[in-house]
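Lettering of chains follows the sequences in order, A, B, ..., and the numbering in each one begins at 1.
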Protein chains: 2
Amino acid sequence: MTMSRARKSSPSGPEADAALKTDATTSIVGYRLRRAQLSVFQKFIAVFEELKLRPADYSVLVLIDDNPGRKQTEIAEVLGIKRANFVTLVHGLEQRGLVERIPSLEDKRANALHLTTAGQNFLRLAKSRHRALEDEIVTQLGGTEARALLLALLDRLI
Amino acid sequence: MTMSRARKSSPSGPEADAALKTDATTSIVGYRLRRAQLSVFQKFIAVFEELKLRPADYSVLVLIDDNPGRKQTEIAEVLGIKRANFVTLVHGLEQRGLVERIPSLEDKRANALHLTTAGQNFLRLAKSRHRALEDEIVTQLGGTEARALLLALLDRLI
DNA sequence: TATTGTTATACTCTATAACTATA
DNA sequence: TATAGTTATAGAGTATAACAATA
């Protein structure tokens, strides 16, 4: 099953080196998942770079919009972000005028997160870009059924 | 479509806070891919931690075993690893006695990569662990057809 | 005593530039 | 001039510990 142990360049001329055997590597589910995820993230980053929105920023804005008034800890935990790292992230969004940190009335330790009006408008724009991107992905996958199938399969891995 | 803007803790007692709306977030293909990939990688890391093998280490060993004598640059490129970062990785594997860097006879700049006998034995063990892990994943997914389907769908995203 | 937000810090992964020795 | 390996370095992303204010 192994290839010949020694390998010298072919004497038949300066042709390109033969392709590597990658069968075993590419059969690894985790490896293929990572490659696909990186590919999709790269597209996301390319589409969103003029908005200066990284994937994590976008998911935070979406989540705050759907759940206004929640604490930093709550939003961070749902997204799997450590609260210590979430501080910098939400601070950036606040400095851009997209998010407000309003001291909670019920718990003086906590900040209630809200989108500003500018943040809501910005999110509307970002969502339209995202819709277009998802449409591209659906086309790549071969239709909405394929997308639903993929999401269902991914769900089983979590 | 938005929830009520203001949010105060319910006056009906100290019950747990309501769950967050996560529909929009979880419908993002990239986000779901990332979550699934992280989940699979965490399992991989847990299974392989006693072997002190990270995912990248394992894929490098597999690739060298299938393509003995190749240059560092070739192995690194196939795996999407920068050659500068590959130096540290392969150095670690060499120090553990799993990989040999043999100066190429045809090109004095290059190192031909080979597994040592110890490396081959170690890889055999790692592969058996990996097979067991993949079997778990297949079970999670619901069968080999589901796995093939997932890999086919992931392929379309690259 | 526990939790919220915060700072500081460290570790991994990844990316680029520049060097050397060869080609 | 280009390439292979290397070093140094910088930037993300992520992880933990510890602190002040509050619960």
First of A112(A) and L105(B) reached from the 5' end of DNA chain C, by closest nucleotide: A112(A)
Residue whose nearest DNA chain C nucleotide is more 5′ - K82(B) or N111(A): N111(A)
Roughly, in whole Å, what's the span from [atom1] in [X] to [atom2] in [N]?
{"X": "Q72(A)", "N": "dT22(D)", "atom1": "CD", "atom2": "C1'", "value": "15 Å"}
{"X": "K71(B)", "N": "dT3(D)", "atom1": "NZ", "atom2": "P", "value": "10 Å"}
{"X": "L113(A)", "N": "dT4(C)", "atom1": "CG", "atom2": "C1'", "value": "12 Å"}
{"X": "E77(A)", "N": "dA15(D)", "atom1": "CD", "atom2": "P", "value": "14 Å"}
{"X": "E106(B)", "N": "dT3(D)", "atom1": "CD", "atom2": "P", "value": "19 Å"}
{"X": "I81(B)", "N": "dT12(C)", "atom1": "CD1", "atom2": "C1'", "value": "14 Å"}
{"X": "N85(A)", "N": "dA17(D)", "atom1": "CG", "atom2": "P", "value": "14 Å"}
{"X": "F86(A)", "N": "dT4(C)", "atom1": "CZ", "atom2": "P", "value": "13 Å"}

Sugar-phosphate only, base, or nothing, as touched by A56(A) at under 4.0 Å among non-hydrogen atoms: nothing
Give a yes or no answer on whether the side chain of [X] reaches the backbone of [Y] with a donor-acceptor pair at less than 3.5 Å.
{"X": "R101(A)", "Y": "N111(A)", "result": "no"}
{"X": "N121(A)", "Y": "A118(A)", "result": "no"}
{"X": "T116(B)", "Y": "G97(B)", "result": "yes"}
{"X": "N67(A)", "Y": "L63(A)", "result": "yes"}
{"X": "R96(A)", "Y": "K52(A)", "result": "yes"}
{"X": "Q72(B)", "Y": "L113(B)", "result": "no"}
{"X": "S39(A)", "Y": "L157(B)", "result": "yes"}
{"X": "Q140(A)", "Y": "R156(B)", "result": "yes"}

Base dG5(D) paired with R83(B) side chain (donor-acceptor, <3.5 Å): yes
Base of dA4(D) paired with side chain of D107(B) (donor-acceptor, under 3.5 Å): no
Closest nucleotide among dT6(D), dT6(C), dT14(D) to the V87(B) side chain: dT6(D)
Of the listed nucleotides dC13(C), dT16(D), dT4(C), the one nearest the side chain of R54(B): dC13(C)
Stretch residues 33-51 of chain A: residues that reach within less than 4.0 Å of DNA chain C through a heavy atom: R34(A)
Ignoring backbone atoms, test whether [X] places a side-chain nitrogen or oxygen under 4.0 Å from the OP1 or OP2 oxygen of [N].
{"X": "R109(A)", "N": "dT6(C)", "value": "no"}
{"X": "R101(A)", "N": "dT6(C)", "value": "yes"}
{"X": "T73(A)", "N": "dT3(C)", "value": "no"}
{"X": "K108(A)", "N": "dA21(D)", "value": "no"}

